[in-house]
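Quick notes on the structure that follows.
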Amino acid sequence: MSKESSKTIESVLHEKRVFRPSEQVSDNARISSLDDYQNIYDLARKDPEKFWEEAARRELHWFKPFHQTLNWSNPPFAEWFSGGTTNISYNCLDRHITGPKANKTALIWEGEPGDVRQFTYKELHTDVCRTANALRTLGIKKGDLVALYMPMVPEAAIAMLACARIGAPHSVVFGGFSSDALRDRLIDGEAKAVITADGGFRKDKAVPLKKAVDAALSDGSCPTVKSVLVVQRTKEPIDMFSGRDHWWHELVPSQDEYCPAQQMESEERLFVLYTSGSTGKPKGVVHTTAGYNLWAHLTFQWIFDIKDNDIYWCTADVGWITGHSYIVYGPLSNGATTVMYEGAPRPSNPGAFWELIEKHKISIFYTAPTAIRAFMKTGREIPDKYDLSSLRLLGTVGEPINPEAWMWYREVIGGSKCPIVDTWWQTETGGVMISPLPGATPTKPGSATLPLPGIEADVVDSDGKSVEVEEGGYLVIKKPWPGMMRTIHGNPQRFKESYWEYLPFINGKPIYFAGDGARRDSDGYFWVMGRVDDVINVSGHRLGTMEIESALVSHPFVSEAAVVGRLDDLKGESIVAFVTLESGRDVNDQLFDELRSHVSKEIGSIARPDEIKFTDALPKTRSGKIMRRILRALASGEKISGDTSTLEDRSVLDKLRK
Ligand code: PRX
């Protein structure tokens, strides 16, 4: 278990505060009491297939109706809504433009330098159609994977919807990843095209993106990529390769303004999104058309209890699953107004978020605990300068939230009147799994509270048996749900083994476990304690320690490396690397900088170690396994507890302590 977890556990164990939804919030909510929630939950549990069938028919547009709700005959490979055809771009756009929402604002975008663009549903539809037609002229067909490596500009959302429109799965690669990391993903996904920008603005700086794409494609290392579509954003000089590279502003606007939405089979791929695991390279999580659409749609509706006049803002980047489900697909599928922001709070504008809330009269705000902790540190004087009275609901995602940050969020940002939805989920789950419903669920600071209808969550021991109340264990999901990942791109075996066969089968069926520990209290509330595997969570970014170790070891001076997380008040966890050097190499300050830059180059700056401890040897068991438990304790200056008798060479410990 990570250090962040142990801190959270300590503070949440003593947490007794309960905040009930106010009458005003409940009276206006779709699901307006705990009894209402319980009734829906029981209904879904009694007959899940009927529940999902009705929801899918009610909430999505079908070109052709499905004939089977769920095929779970070959677990964990689920098939949802077989026989049906639909399209998420149609559900997000076309079905709104024939009614009163045609001229409703779909997207408000705010650029880092303060430029604003707004799109009605009708306008967004036209832009998406034109982009879809442009992709076709580049030879992109249904089934071809298109990678996006974009800043947070409207074209990122437009490109995702355009890919979905023509049935070309997208693979969004976070713009903070390095060209090497991009190349790995392009190769693994066999991408046919890349959509990028000359650069993007981040914290008062222009960040080059096209250059990274050029580097990733250099030397013919990604032969499947035939074209690159480039949005002009920063106007920094870039190279354009004739025949391969095309400017968005030259190709897209001249296209026909209508492109029919491809009728997609329910289980055809919608996107691949890479995420870190405890072993090996990042895995391409596959989500498919109908089930994902339903899950993003329904969870968005439930959790944010969305109203027609809401202005909703999620601060994530579209490079992560939160951006997919809760900036683009969930809000647009529901016909909501979604806000997208290119930048981030920065020393020159620490009140950037609050300024935006005031300016656009944002009513729902969804962000990460790491951001809240950073705001706490700079003090309430900054948000206090702004009018935040438009807010009615707050959300958090990405990591456990400590009760102190939760309370600060509630009081300082929410004026003690806004419910907080602490939403637990993962890239793999497609959408939120455990969360309060604002009009129904009493909240407790630090708890994600109760599973959503249709989600059978539990906390179990290593035999797969439910643990007692207040006892820690593995957080599992016992039944399939529509938004679940379908496989790992190119590696179904890894999908099976790492998620569904980690714990013993129950009644002959596998249960889903994706790496988190949790406990339940006597009210059945879930308290998520963090990862129990070798994944660390740095400022809400998920990183595999193995990935960082591989990056370090690829440096010619490094012989071995072990990476662990250390509790960090701001980032949740920080990265500490233990490194042994090739013989004859000396430790010096320059090497520290060089290794950090090397990791930046291999993965991206988010993976750069905060500290590197050089050592002669790493503590290992006799079978050669690195004892990370010991390294974690050393990294945080704690006493090494537990059994150390399996250490191969006990003198290593003494040296490390020094
Ligand atoms: O450890 C959990 C943590 O983030 C992990 C999933 O990371 P990722 O796939 O990048 O998706 C992040 C956005 C959904 C989980 O395994 N996590 C996410 N939300 C919470 C959380 N931990 C505690 N509480 C949450 N609300």
Side-chain angles (χ1 to χ4, degrees), residues 1-5 7-9 11-12 172 174 176-177 273-278 282-285 287 295-296 299-300 303 314-327 330 366-372 394-403 405-406 409 420-436 443-452 457 459 474-477 483-485 488 498-499 502 512-519 525-544 547 565 571-573 606-607:
M1 182 148 304
S2 70
K3 296 278 105 201
E4 165 64 0
S5 317
K7 182 189 179 193
T8 307
I9 296 162
S11 44
V12 299
V172 186
F174 172 56
F177 279 124
L273 184 59
Y274 286 83
T275 191
S276 298
S278 46
K283 39 201 178 186
V285 169
H287 282 288
W295 198 232
T299 52
F300 181 80
I303 290 156
C314 164
T315 65
D317 190 287
V318 289
W320 310 115
I321 190 70
T322 310
H324 284 53
S325 304
Y326 300 113
I327 294 178
Y366 190 32
T367 195
T370 188
I372 299 165
L394 303 172
T396 76
V397 58
E399 42 176 331
I401 181 163
N402 41 315
W406 194 100
Y409 196 31
I420 297 181
V421 288
D422 171 359
T423 62
W424 176 84
W425 60 296
Q426 312 172 300
T427 306
E428 294 87 340
T429 66
V432 175
M433 304 290 277
I434 302 179
S435 167
T443 50
K444 304 182 188 184
S447 171
T449 75
L450 299 166
L452 295 181
V459 181
Y474 300 105
L475 174 53
V476 298
I477 311 294
M484 62 197 269
M485 73 184 281
I488 292 174
S498 50
Y499 296 105
Y502 187 90
Y512 172 86
F513 169 67
D516 280 332
R519 71 181 174 93
Y525 276 35
F526 284 79
W527 299 78
V528 179
M529 306 189 302
R531 304 290 303 199
V532 293
D533 54 6
D534 290 322
V535 168
I536 51 180
N537 198 326
V538 183
S539 301
H541 296 154
R542 175 171 159 182
L543 295 162
E547 270 171 270
K571 300 200 276 187
E573 282 181 286
I606 51 171

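One-based numbering, in listed order, for ligands and for the atoms of each.
For ligand 1, the atoms closer than 4.0 angstrom to any heavy atom of Val397 are 13 (C), 14 (C). Those atoms of ligand 1 that come under 4.0 Å of a heavy atom in Trp425, given as number and element, are 6 (C), 14 (C), 15 (C), 18 (C), 19 (N). Each of the atoms 3 (C), 4 (O) of ligand 1 lies under 4.0 Å from some heavy atom of Asn537. Below 4.0 Å from some heavy atom of Thr423 lie the following atoms of ligand 1, by number and element: 19 (N), 20 (C), 25 (C), 26 (N). Those atoms of ligand 1 that come under 4.0 Å of a heavy atom in Val528, given as number and element, are 22 (N), 23 (C). Within ligand 1, the atoms closer than 4.0 Å to a non-hydrogen atom of Thr427 are 8 (P), 9 (O), 10 (O), 11 (O), numbered from 1 in the order shown.
Ligand 1 has an N or O atom lying under 3.5 Å from an N or O atom of Arg531, backbone or side chain. At under 3.5 Å, not a single nitrogen or oxygen of Ile321, backbone or side chain, sits near a nitrogen or oxygen of ligand 1.
For Trp425 and Tyr326, the ring centers sit closer than 6.0 Å to each other. With ring centers used as reference points, Trp424 lies 6.0 Å or more from Phe526. If you look at His287 and Trp295, their ring centroids are not closer than 6.0 Å.
Comment: Glu428 engages Arg542 in a salt bridge, judged by a side-chain N to carboxylate O separation of less than 4.0 angstrom.
The closest non-hydrogen atom to atom 24 (N) of ligand 1, taken over Glu399, Arg542, Met529, comes from Glu399. Of the candidates Val421, Asp422, Asp516, Asp516 brings a heavy atom nearest to atom 16 (O) of ligand 1.
The shortest separation from a heavy atom of Gly398 to ligand 1 is under 4.0 Å, placing the residue in contact.
Remark: minimum distance from atom 13 (C) of ligand 1 to any protein heavy atom is reached at Thr322 OG1, 3.4 Å.
At a 4.0 Å heavy-atom cut-off, ligand 1 touches Pro400 through backbone and side chain alike.
For the pair Pro451/Met433, no side-chain contact is recorded, criterion being any heavy-atom separation below 4.5 Å from C-beta on. Side-chain contact between Thr275 and Ile321 is absent, with no heavy atoms from C-beta onward closer than 4.5 Å.
The main-chain N or O of Gly398 is found under 3.5 Å from a side-chain atom of Asn537 such that the two form a donor-acceptor pair.
Partner of Thr423 under the side chain to side chain contact (heavy atoms under 4.5 Å, CB included) criterion, chosen from Leu452, Thr449, Val432: Val432.
Between the side chains of Tyr512 and Thr429, not a single donor N or O lies within less than 3.5 Å of an accepting N or O.
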